[in-house]
Amino acid sequence: CAALTGYAIYIWHCDRSGLYSLYSSGVQDENYLRGVQVTDGSGLITFQTIFPGAYSGRYPHIHFEVYPSLAMATLYTNKILTSQMALPRDVCSTVYSGATGYSASVNNLAGVTTSSDNVFGDNTAAQIAAMTPSLSGSIAAGYTGNITIGVPA
């Protein structure tokens, strides 16, 4: 397993109301909470964003795609991996109950688990653990997290 240098990672997620820019009704003409970064010499990237909300029927998550280079990230068919990260339930509960604007997420989170989610539901506990970044921080200070993503050769 080697670090991938110069790969483009594209992430996107919903806003605190559970809406996706470019997709959800009312925000199709807006582009937000989407971004691309290129891995450094150690295979690392950094994104800064808000905490995604929980919408009905889905466990809180962040989507991502991996591309061999930034130039290739302009065409969906060039992706080498598409997946999602699950967010830690305890942090979701803390954010949704303590931060402004997440009131709908409290009930949405209560109605779903990774096991009942239509994407995460077919994974083992070990696979879910690997797909969940470790997060630290607070609502006031923000959260930081790390996750290692394996990419097929």
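Quick caveat, the model's predicted, so the values are computed rather than measured.
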Residues, nucleotides or ligands: over 12 heavy atoms within 6.0 Å of D90 CG: yes
message: Taking I80 as the starting point, is it possible to reach I147 by hopping between hydrophobic residues whose side chains are less than 4.5 Å apart?
response: yes
query: For D117, which residues count as a salt bridge (charged side-chain N to carboxylate O under 4.0 Å, His left out) partner, sequence neighbours excluded?
result: R58
query: Between V112 and G57, what is the shortest heavy-atom contact and its length?
result: CG2-O, 4.0 Å
message: Please say yes or no: joined through hydrophobic side-chain contacts below 4.5 Å, possibly via intermediate residues, are I149 and M72 part of one cluster?
response: no
query: For the side-chain hydrogen bond (donor to acceptor under 3.5 Å, both in side chains) test, which of Q37, R34, H63, K79 pairs with Y10?
result: R34
task: Side-chain contact test, heavy atoms from C-beta onward, threshold under 4.5 Å: evaluate it for Q84 versus V119 and give yes or no.
output: yes
query: Short question: side chain of T39, backbone of G6 - any donor-acceptor pair under 3.5 Å?
result: yes
Atom of A8, atom of S69 and distance for their closest heavy-atom approach: CB-O, 3.5 Å
task: May I ask whether I9 and V151 are part of the same hydrophobic cluster, defined by side-chain heavy atoms of I, L, V, M, F, W, Y residues being less than 4.5 angstrom apart, directly or through others?
output: yes
Candidate pair L70 and V36, rule side chain to side chain contact (heavy atoms under 4.5 Å, CB included), full reasoning: CA-CA 8 Å; L70 184 57; V36 177; 3.7 Å; yes
List the atom pairs, with distances to 0.1 Å, where a side-chain N or O of residues 130-144 and a protein N or O form a donor-acceptor pair under 3.5 Å, not counting sequence neighbours.
unit_1	atom_1	unit_2	atom_2	d
T132	OG1	I128	O	2.7
S138	OG	A141	N	3.0

task: Output yes when a side-chain donor or acceptor of N123 lies under 3.5 Å from a complementary backbone atom of Q127, and no otherwise.
output: no
query: Hey, is the main chain of I50 close enough, under 3.5 Å, to the side chain of R16 for a donor-acceptor pair?
result: no
query: Do I11 and Y32 belong together in a cluster built from hydrophobic side chains that touch within less than 4.5 Å?
result: yes
- prompt: Does the gap between the ring centers of Y55 and Y20 come in under 6.0 Å?
  reply: yes
message: Quick one, F64 and T82 - any side-chain contact, counting heavy atoms below 4.5 Å?
response: no
field: H13 NE2 to L33 CG distance, which is reported to the nearest 0.5 Å
entry: 4.5 Å
field: Non-hydrogen side-chain atoms of W12 and S21 separated by less than 4.5 Å
entry: no
Same cluster (ILVMFWY, side-chain, under 4.5 Å), L44 and M85: no
- prompt: With no hydrogens and no angle check, is any side-chain donor or acceptor of Y59 less than 3.5 Å from a backbone partner on R89?
  reply: yes
query: Between L109 and S93, what is the shortest heavy-atom contact and its length?
result: CD2-OG, 3.6 Å
- prompt: Does CG belonging to N146 count more than 12 external heavy atoms closer than 6.0 Å?
  reply: no
message: Considering only residues two or more places apart or on different chains, which pairs with a residue in residues 102-114 satisfy side chain to side chain donor-acceptor pair (under 3.5 Å)?
response: T113-S116
message: On a heavy-atom basis, which atom in Y96 and which in P52 lie closest, and how many Å separate them?
response: OH-O, 2.9 Å
task: Report the C-alpha distance between F51 and L87 in whole Å, list the side-chain angles of each, state the deciding distance to 0.1 Å, and finish with yes or no for side chain to side chain contact (heavy atoms under 4.5 Å, CB included).
output: CA-CA 9 Å; F51 201 89; L87 296 170; 4.0 Å; yes
query: Mind checking whether T5 and V38 have side chains closer than 4.5 Å, heavy atoms only?
result: no
